[in-house]
Amino acid sequence: NAGVTQTPKFQVLKTGQSMTLQCAQDMNHNSMYWYRQDPGMGLRLIYYSASEGTTDKGEVPNGYNVSRLNKREFSLRLESAAPSQTSVYFCASRQTGSVDGYTFGSGTRLTVV
Amino acid sequence: KNEVEQSPQNLTAQEGEFITINCSYSVGISALHWLQQHPGGGIVSLFMLSSGKKKHGRLIATINIQEKHSSLHITASHPRDSAVYICAVNAGKSTFGDGTTLTVKP
């Protein structure tokens with residue numbers, strides 16, 4: 001099925017460990033996004049990529065890095081995980097200028113202990 | 001102050017009622033989105049608006065650019081409409097409201 005695929009779905013990390021969240025879309029969208037959602041709070045933008053080869057900081061970029069590997073893939077890396085990064089992470093994509101909205105991945109539930 | 005404000009935060013309705021969720025924003029935008037987040041966590045896009053009104057089934061979304069305000073209406077609400085409804089605006093980068101939690105009781 002066409003859409004946004006995120007891996008992994010669940011992850012537990014120890015403080016200080018690193019990991020990369022993977023995201024891939026097969027809709028040929030130009031823009032891709034990473035969000036975090038904390039309990040009782042709205043989605044907050046971590047980083048986004050308006051096109052292949054470009055990335056920009058969002059509202060809460062500290063502690064994260066991203067790579068727009070190609071048009072399909074946009075990865076999020078935690079270099080040294082902290083308990084404050086415990087959250088649900090969503091990747092999304094959209095084609096800017098089109099009448100269509102966002103397509104979201106199913107989310108990654110990350111716990112840092 | 002959040003650039004996107006939604007009201008109400010929580011809404012409980014009886015099945016069949018007409019529902020209105022409001023979204024106000026304080027920045028110039030190119031588009032406004034309404035999203036639905038199911039109790040299981042998945043997020044789906046309902047509407048993208050830049051002007052006027054859109055309708056899909058029992059859902060209607062309107063936007064008033066001059067007043068910087070949008071509304072999402074649900075007609076003949078049903079328990080399966082219970083979800084969090086999220087307003088988001090594109091103003092350079094995307095900004096999301098905190099969501100409105102809707103519970104529809106049978």
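Here is the naming used below: chain letters follow the sequence lines, and residue numbers restart at 1 for every chain.
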> Which bit of L35(B) is near chain A, if near means a heavy-atom gap under 4.5 Å: side chain, backbone, both or neither?
Replying inline: side chain

> Side-chain donor-acceptor pair under 3.5 Å between S70(B) and N64(B), yes or no?
Replying inline: no

> Is it the side chain or the backbone of L43(A) that comes within 4.5 Å of chain B heavy atoms, both, or neither?
Replying inline: both

>> What part of E59(A) gets within 4.5 angstrom of chain B, counting heavy atoms only: side chain, backbone, both, or neither?
In response: neither

> Measuring heavy-atom distances to chain A, does I86(B) have an atom under 4.5 Å in its side chain, in its backbone, in both, or in neither?
Replying inline: side chain

>> Listing request: all ring pair (Phe, Tyr, Trp, His ring centres under 6.0 Å) pairs with a residue in residues 34-64 of chain B, at least two apart in sequence or in separate chains.
In response: none

> Do Y89(A) and Y64(A) get their side chains close enough for a donor-acceptor pair, meaning under 3.5 Å?
Replying inline: yes

>> Would R109(A) pass as a cation-pi partner of F10(A), given that its NZ or CZ must be under 6.0 Å from the six-membered ring centre and within 45 degrees of the axis?
In response: no

>> Between Q6(B) and chain A, with a heavy-atom cut-off of 4.5 Å, which part of the residue counts as in contact: side chain, backbone, both or neither?
In response: neither

> Run the ring-ring contact (aromatic ring centres under 6.0 Å, His included) check on Y33(A) and Y47(A) step by step: do they pass?
Replying inline: CA-CA 6 Å; Y33(A) 308 82; Y47(A) 271 94; over 10 Å; no

